[in-house]
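Report on one structure; see the data block that follows.
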Amino acid sequence: MKELPLTIALPKGRLQKQVQELFAKKGIAFDFEDRKLVAYDKDKQFKFILVKNSDLPVYLKHGIAGLGVCGSDVVYESGDEFYKLLKFSFGGTTMCLAGMKGCDYSESDRKLTVATKFTKFTEDYYSKLGVPVEIIKLNGSVELAPVLGLAPYIVDLVETGSTLKANNLEIFKKLQEISVYLLANPAYFKIHYKKIEKLVEFLSED
Ligand code: PRP
């Protein structure tokens, strides 16, 4: 009987390209043609599913994808627990508190108003510090918030820093390093661990 492919969810956007390049470098080429959201490699060893970044934990939790490539930021927001199989060398970012350049931010501010996509992270981070925080939830282009006066501060990911710079913003505090991992649904891992371990080994080789 022909073996079923391993299912791997990939996030749309920046990471997608980097994962495709890594697999291609290892001799496994695949492409999402004509805006299709499912792709296979030539030997049908892998079935790749292209999903919105923040939805990836949903597919993984429900076992629709057994494996997934996802940042620790997104997993934290989901509140789900997955097996971390591999930390990738690409996609590292920093979760930061930022605001308008020159704004007199002080660690001892009694209350912070923060616009962010990362509401759980922000809530938990400041509650551990005992700092009350009012959170305004956004779904993207968070940098607009201080520029337009929606909130003086944002908590967001900074990679190159160019979005902050272009909008006259600066980092006030680095809150957490974020990495990208190959994750597994625990039940799926238990069933397919032999094939998964081979994949991990294969992806880790230089
Ligand atoms: C992320 C992040 C910042 C930007 C940082 O947004 O939320 O906006 O990238 O990258 P940089 O430091 O290299 O400029 P993303 O591109 O995912 O889009 P979004 O604004 O729609 O969330």
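For reference, positions follow the sequence shown, starting with 1. Because only heavy atoms are used, hydrogens play no part in the values below, and waters and symmetry mates are left out as well, while side chains stay in. Just so you know, ligand 1 is whichever comes first in the structure, and atom 1 is the first atom listed for that ligand.
From the protein, the heavy atom lying nearest to atom 17 (O) of ligand 1 is Lys117 NZ, 4.2 Å. Counting only heavy atoms of the protein, atom 14 (O) of ligand 1 lies nearest to Thr163 OG1, 2.4 Å. With respect to atom 11 (P) of ligand 1, the closest heavy atom belonging to the protein is Thr160 OG1, 3.3 Å. The protein atom (non-hydrogen) at minimum distance from atom 20 (O) of ligand 1 is Ser141 N, 3.0 Å. In this structure, the protein non-hydrogen atom closest to atom 5 (C) of ligand 1 is Leu157 O, 3.4 Å. Nearest protein heavy-atom contact of atom 3 (C) of ligand 1 is Glu143 OE2, 3.1 Å.
Using a cutoff of 4.0 Å between basic side-chain nitrogens and carboxylate oxygens, Glu77 and Lys117 are not scored as salt-bridged. Between Glu21 and Lys25, no side-chain nitrogen of the basic residue sits less than 4.0 Å from a carboxylate oxygen of the acidic one, so the salt-bridge criterion is not met.
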| said: Pair Tyr153, Lys173 - check side chain to side chain donor-acceptor pair (under 3.5 Å), show working. | reply: CA-CA 11 Å; Tyr153 304 114; Lys173 195 176 176 193; over 6 Å; no

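The aromatic rings of Tyr105 and Phe172 sit parallel, their planes meeting at an angle under 30°, below the 60° perpendicular limit. Relative ring orientation between Phe46 and Phe23 is described as perpendicular, the plane-to-plane angle rising above 60° on a 0-90° scale split at 30° and 60°.
Any N or O atom pair closer than 3.5 Å counts here, and Leu164 shares no such pair with ligand 1. The shortest N or O to N or O distance between Arg14 and ligand 1 is below 3.5 Å.
Comparing Pro11, Gly140, Gly71 against atom 21 (O) of ligand 1, the shortest heavy-atom distance belongs to Gly140.
The shortest separation from a heavy atom of Val158 to ligand 1 is under 4.0 Å, placing the residue in contact.
Remark: Lys120 qualifies as a cation-pi partner of Tyr76 under the 6.0 Å distance and 45° angle criteria applied to the six-membered ring.
Between Phe189 and Glu197 there is a side-chain heavy-atom pair separated by less than 4.5 Å.
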